[in-house]
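Lettering of chains follows the sequences in order, A, B, ..., and the numbering in each one begins at 1.
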Amino acid sequence: MSASTTTLDSPPPVVESGGRDVRPLLSRLQPGLLIAWLVVAVVLLWTVLPGWFTQYSGTAGMAREKLLPPGGVHLLGTDELGRDLLARIIHGSAQSVTGAFVAVAVGLLLGTLLGLLAGSLGGRVDAVLMRGVDVLLSIPGLLLSLSIIIILGFGTVNAAIAVGVGSVAGFARLSRSEVMRVRRSDYVEAAFGSGGTFSKVLWRHVLPNSAGPVLALAALQFGTAIMAISTLGFLGYGAPPPTPEWGLLIAEGRKYIATSWWLTTFPGAVVVVVVLAANRISRSIRKGSS
Amino acid sequence: MPSYLAGRIGQALLVLWAAFTLSFILLQALPGDALLIKYQNPDMGLSPEQIAEIRASYGADQSLVLQYLHTLGNFLTGNLGYSVSASVPVLDQLATNLPATARLAGLGFAAAVLLAVGIAVLANLARFAWLRTAIASLPSLFISVPVFWLGIVLIQVFSFRLKLIPVINPPEWQGLILPVLTLAIPISAPLAQVLLRSMDDVLTQPFISVARARGASLPWILWHHVARNALLPTLTIAGILFGELIGGAVVTETVFGRSGLGQLTQQAVDNQDASVLQAIVVLAAAVFVVVNLIIDLIYPLVDPRLKKSLGANA
């Protein structure tokens, strides 16, 4: 039997490598991406098990050890109340990470819902919803967040919701364009043709096939949310002191900027590293899905 | 073309009206208002009747629909209401604070464009692959830096370590350097990314090979062919970035203790002064809508190919 006669009932020639091969996976493993996942994993562990990483408390300090420079027992130094800075950063990750999850969840749920509705219903619904998204885009993100904080009040969760609402427009636009793209494909037409109902096709075909780019945006927004929440915390609209929130740490350290550089430098550097990692992961998801 | 123009302006006005309505619903229709915060304070010893009277004088006792129509009418005639915490017209507050913020944002944006063009051109002219990679990865670093922290780090390095710029009462132009840089660096990142990508796209086009084959140097090609072609996507992203520019200016002013819309915004949030925040939101939306309208209208001038498609649609 020659190869040409079997083409109809055999899958494309990828099979010759014997199903899933490990080699391409290894060669695709980039050190940058690995570090990015490692950073995210460590920060998540900080959130869940801060006690594993530091013996110091995030809120109680020793007055004798105030404003110590980095090194020695206190790896990143201490603040004006003798609190260990590394411990405060580790304990503070709970605020930032929870906040970022809440923000992404709000943006993802509301935005994808809007985008799905607009993209699959089309017509007048689409026009009205997308004009609404235009309006959200026309208000600067920070001002939109502040408008929501003025109603909800201060606090990390409220700041997170405010940040999430700011990202609804982006998610809505992306998921709408993805739905439009998938809707035009042959398999969706086939699914409708073979008697699938609207909601069934949406759930089984459209949603999974438009998930990749949306997930990539979610990863990107995770980093953006961490940055935005720390900005709101810095302005004083996040968690109240003495909660160790990254933005608040920087705001408090600012009073000692002339003498104690570490108090502002390290928390900010942590934010930068986490955001870089989230962006790197987002890029790899986007590449993988395209 | 005229009908396209009219349609586009109508669309912009519609977005603006919707932005006003949204901000009204968010800021004025929902409970928790500045009047109560200011006057319900027991130290003032006001009776409930007196508070009701004050509320009536601000129009806070009317039905929401009436308040909405009233506020909309006022906005259209240029009356932006009163700041409850400062007891002055919001319009006056905006007028005093706008110039400083506009100058900061304008300079910041100009610096961002310079920085982005610099990065894109240097990355393309770099002779070594590693240098090119290093320059081209600058934007992804810039984009990950929080504005407020960047400002603090710049103060630390240039004012406290190198002592190049005095911290207290620097001369006006010196005082602007660090805030402008703080604002420009994060804004330059997406600009540079779009520039780099569209330059890559253009550089692989056949007409570039032709120009090269005819002996054109890389800088010559960049200036004569690539710049013009890369301008369009850059304009689009510049319009979208405008919102971030305003947000960045607010934060930058707070970090550097400069007066302006940023300080006004912060005061408004601290005092729950909704009418002030609403005026700022509507102003920002208006500027955003106008900037993007202008960019839309500039497209056909930059790229004559678009004129045809516009004519076809109209």
Side-chain angles (χ1 to χ4, degrees), chain A residues 32 128 131-132 134-154 165-166 220 223-224 226-237 246-247 250-251 253-254 257-259 261 263-265 267-280 283, chain B residues 11-12 14-19 21-23 26-27 30-32 34 140-141 143-150 152-153 155-157 159-161 167 186 240 242-251 254-255 265-266 268-270 272-274 277-278 280-282 284-289 292:
Chain A
V128 170
R131 284 296 86 75
D134 281 352
V135 174
L136 281 182
L137 283 175
S138 74
I139 300 174
L142 182 70
L143 292 183
L144 189 61
S145 297
L146 291 179
S147 307
I148 290 162
I149 283 178
I150 226 180
I151 310 164
L152 295 180
F154 302 167
V165 171
L220 189 72
T224 314
I226 288 211
M227 205 148 70
I229 289 168
S230 71
T231 301
L232 293 173
F234 172 79
L235 292 174
Y237 305 138
W246 291 346
I250 298 171
R254 213 174 138 205
I257 184 175
T259 49
W261 56 271
L263 289 178
T264 47
T265 308
V270 170
V271 173
V272 173
V273 169
V274 174
V275 176
L276 272 174
N279 291 356
R280 183 70 190 79
R283 224 173 333 135
Chain B
Q11 205 185 337
L14 202 68
V15 168
L16 200 51
W17 166 76
T21 307
L22 177 71
S23 63
L26 275 181
L27 293 171
L30 292 162
S140 38
L141 176 66
I143 217 166
S144 310
V145 178
V147 174
F148 67 96
W149 184 67
L150 181 62
I152 291 174
V153 169
I155 293 175
Q156 200 146 66
V157 173
S159 295
F160 286 108
R161 300 276 135 194
V167 188
I240 295 169
F242 200 82
E244 228 162 285
L245 187 69
I246 297 177
V250 168
V251 175
T254 316
V255 172
T265 308
Q266 212 185 0
V269 178
D270 291 342
Q272 292 206 333
D273 209 335
L277 192 57
Q278 195 195 357
I280 294 171
V281 167
V282 171
V287 178
F288 181 89
V289 166
N292 280 284

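Note that CG of B:Leu22 and OG of A:Ser138 are 8.5 Å apart. Values are rounded to the nearest 0.5 Å. In this structure, CG on B:Leu16 lies 12.5 Å from CG on A:Asp134, to the nearest 0.5 angstrom.
For a residue to count as touching a neighbouring chain, one of its non-hydrogen atoms must lie under 4.5 Å from one of that chain's; by this rule B:Val15 touches chain A with backbone and side chain alike. Looking at B:Gln11, the atoms closer than 4.5 Å to chain A (heavy atoms on both sides) all sit in the side chain, from C-beta outward. For A:Leu136, the part lying near chain B is the side chain, with the backbone staying farther off; criterion is any non-hydrogen pair under 4.5 Å. Contacts of B:Ala286 with chain A are absent, with no heavy-atom separation under 4.5 Å from either backbone or side chain. Neither the backbone nor the side chain of A:Ala251 comes within contact range of chain B, judged by heavy atoms closer than 4.5 Å. Heavy-atom distances place no part of B:Val147 under 4.5 Å from chain A, backbone and side chain included. Proximity to chain A is absent for every atom of B:Glu244, based on heavy atoms less than 4.5 angstrom apart. If you measure heavy-atom distances from B:Leu141 to chain A, the contacts under 4.5 Å come from both the backbone and the side chain.
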Could you walk me through whether A:Ile139 and B:Phe288 satisfy the side-chain contact (heavy atoms from CB on, under 4.5 Å) test, starting with their C-alpha distance in whole Å, then the side-chain angles of each, then the deciding distance to 0.1 Å, before giving a yes or no? CA-CA 8 Å; A:Ile139 300 174; B:Phe288 181 89; over 6 Å; no
Intermediate values then yes/no, side-chain contact (heavy atoms from CB on, under 4.5 Å), B:Trp149 and A:Val271: CA-CA 9 Å; B:Trp149 184 67; A:Val271 173; over 6 Å; no
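The two residues B:Leu277 and A:Ser147 make their nearest non-hydrogen contact at CD2-CA, 3.7 Å. When every heavy atom of A:Val272 is checked against every heavy atom of B:Pro146, the shortest pair comes out as CG2-CD, 3.8 Å. The two residues B:Ile143 and A:Met227 make their nearest non-hydrogen contact at O-CE, 3.4 Å. Across every non-hydrogen atom of B:Ile152 and A:Phe234, the tightest pair is CD1-CE1, 3.8 Å. Residues A:Leu142 and B:Gly247 share a closest heavy-atom pair of CD2-O, 3.5 Å. In terms of heavy atoms, A:Ile150 sits closest to B:Ala268 at CD1-O, 3.9 Å.
Looking at heavy atoms from C-beta onward, A:Ser230 lies in side-chain contact with B:Phe148 at the 4.5 angstrom threshold.
With sequence neighbours left out, the side-chain contact (heavy atoms from CB on, under 4.5 Å) criterion links A:Ala277 to A:Ala36, A:Val39, A:Val40. Residues satisfying the side-chain contact (heavy atoms from CB on, under 4.5 Å) test with B:Gln156, not counting sequence neighbours, are A:Ile257, A:Trp261, A:Thr264, A:Thr265.
When each of B:Val251, B:Val153, B:Val269 is scored by its heavy-atom pairs under 4.5 Å with chain A, the top score falls to B:Val269.
A side-chain donor-acceptor contact under 3.5 Å links A:Arg254 to the backbone of B:Val255.
Just one residue in the list B:Ile246, B:Leu245, B:Ile280 forms a side-chain contact (heavy atoms from CB on, under 4.5 Å) with A:Pro140, and that residue is B:Ile246.
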